[in-house]
2 protein chains.
Amino acid sequence: MKFSKATNYALHTMVYLVQQEANKSIGVQQIAETFSVSPTYLSKILTKLVKAGIIESASGANGGYRLRRKREEISFLEVIHAIEGVNSLFTGCLNNNDQCAIQRVMFEAEGQMEHYLKEKKLIDVSVHSEMKI
Amino acid sequence: MKFSKATNYALHTMVYLVQQEANKSIGVQQIAETFSVSPTYLSKILTKLVKAGIIESASGANGGYRLRRKREEISFLEVIHAIEGVNSLFTGCLNNNDQCAIQRVMFEAEGQMEHYLKEKKLIDVSVHSEMKI
DNA sequence: GCGTGATTACTCGGATACAAGATGTCCGAGTTTGAGCGG
DNA sequence: CCGCTCAAACTCGGACATCTTGTATCCGAGTAATCACGC
């Protein structure tokens, strides 16, 4: 039970994109250099974010990735869900009871964490956060 | 990022043990049959719980496992930490900044979940829970 | 009846096998921009 | 000056390769209770 590196890459990339000038596409090469990770692997991660509708890609020269929605709206939870999936962290119950009390506790615990991550926006940790004052 | 099956087994076993008569040792065979899992694998999981000081084992005939502490005291978090480890779910930061804002957010989120799991005791989901009224 | 040894029913730990998922690479295909060139 | 072509700079997607981790099994060793047997 650990967050994957992919999630780490995705979060850093998203914060990076949030800090960029609006509507400006950033190439995957540039992002990969910034964080010293493999461009090809990073592009796979970004593809997931595109499919989740968080960012969009532009093909061709001067292409790259940019935010699809307002930068203030994007939460940590969205990014994490896009990479890790939205399924529950705790799967299956051993007793055939469909109202497993253990499962309910784990769901609730997970909900506590997700609630926090849903309220926390990317811009809260970006250098643009001062603009909110 | 998922809780392992081992955690699932451990939690079910612990709730099962909490429901047993005090100071009575239960064989791993019996527990494994109850949940239809492999006895040998289950014994490895229980070894971790023993090392964590949550339960204790008795060798020989009529041996088995029993709680080491008061049943009311044992929290979900203890069991999970014994199996999954106590390390943070989110590791490493890409920018060499040691005060990585993203990491701080993730730590806090994790803390939200752990707080809930720490307060939640095994007995809260056991059939003995009515005794608390 | 009583000690002693054998048997039985357990746990413990290491070694190993297997499967799945995370991580990372390679390459061909499609797409857009922009430069170069000819009319 | 205009339009065409071509090259360059990108992303996209699938197919792999590799590594780690979770899951599971097997087996020998140790340990404690109980049973059997002989005195």
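By convention in this document, chain letters (A, B, ...) are assigned in the order of the sequence lines, proteins followed by strands, and residues within each chain are numbered from 1.
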Whichever of A6(B) and S59(A) has the more 5' nearest nucleotide on DNA chain D, that residue is S59(A)
Here the distance between atom P of dT11(C) and atom CD1 of I45(B), to the nearest Å, is 14 Å
Main-chain N/O of S88(B) paired with K2(A) side-chain donor or acceptor, under 3.5 Å:
yes
Side chain of Y41(A), heavy atoms from C-beta onward: which of dG24(C), dG22(D), dT25(D) has the nearest atom to it?
dG24(C)
Nucleotide dG21(C), atom C1' - distance to NZ of K5(A) in whole Å
14 Å
Yes or no on side chain to side chain contact (heavy atoms under 4.5 Å, CB included) for I80(B) and M106(A), after CA distance, side-chain angles and deciding distance?
CA-CA 11 Å; I80(B) 293 170; M106(A) 298 305 288; 3.7 Å; yes
What's the closest nucleotide to the side chain of T47(B) if the choices are dA9(D), dG13(C), dG24(C)?
dG13(C)
How many Å lie between CD on Q30(A) and P on dC10(D), as a whole number?
10 Å
Please give, in whole Å, the distance from dG22(D) C1' to K48(B) NZ?
9 Å
Let me know the distance between CZ of R66(B) and C1' of dC10(C), rounded to the nearest Å.
14 Å
Length of the line joining N87(B):CG and dT21(D):P, which is rounded to integer Å:
12 Å
Under 3.5 Å, is there a donor-acceptor pair linking the side chains of Y65(A) and Q20(A)?
no
Of Y65(A) and M1(A), the one whose nearest nucleotide on DNA chain D sits closer to the 5' end is Y65(A)
Mind calculating the distance between CZ (F35(A)) and C1' (dT23(C)) to the nearest angstrom?
18 Å
Ion pair check, R66(A) and E56(A), cut-off under 4.0 Å
yes
Residues E73(A), E78(A); criterion side chain to side chain contact (heavy atoms under 4.5 Å, CB included); working and verdict
CA-CA 10 Å; E73(A) 291 176 356; E78(A) 283 180 79; 5.7 Å; no
Go through the N and O atoms of the side chain of K44(B) and the base of dG22(D), and report whether any donor-acceptor pair is under 3.5 Å.
no
Of the nucleotides dT11(C), dG13(D), dT32(C), which has the atom closest to the V28(B) side chain?
dT11(C)
Quick one: label F3(A) by what it contacts on the DNA or RNA (base, sugar-phosphate, nothing), any heavy atom closer than 4.0 Å.
nothing
Rounded to whole Å, the OH-P distance (Y9(A) to dT23(C)) equals 7 Å
Toward the 5' end of DNA chain C, which comes first, T40(A) or N62(A), by nearest nucleotide?
T40(A)
Should S38(B) be listed as having a side-chain N or O under 4.0 Å from OP1 or OP2 of dT23(D)?
no
Mapping V50(B) and G60(A) onto DNA chain C by nearest heavy atom, which one lands closer to the 5' end?
V50(B)
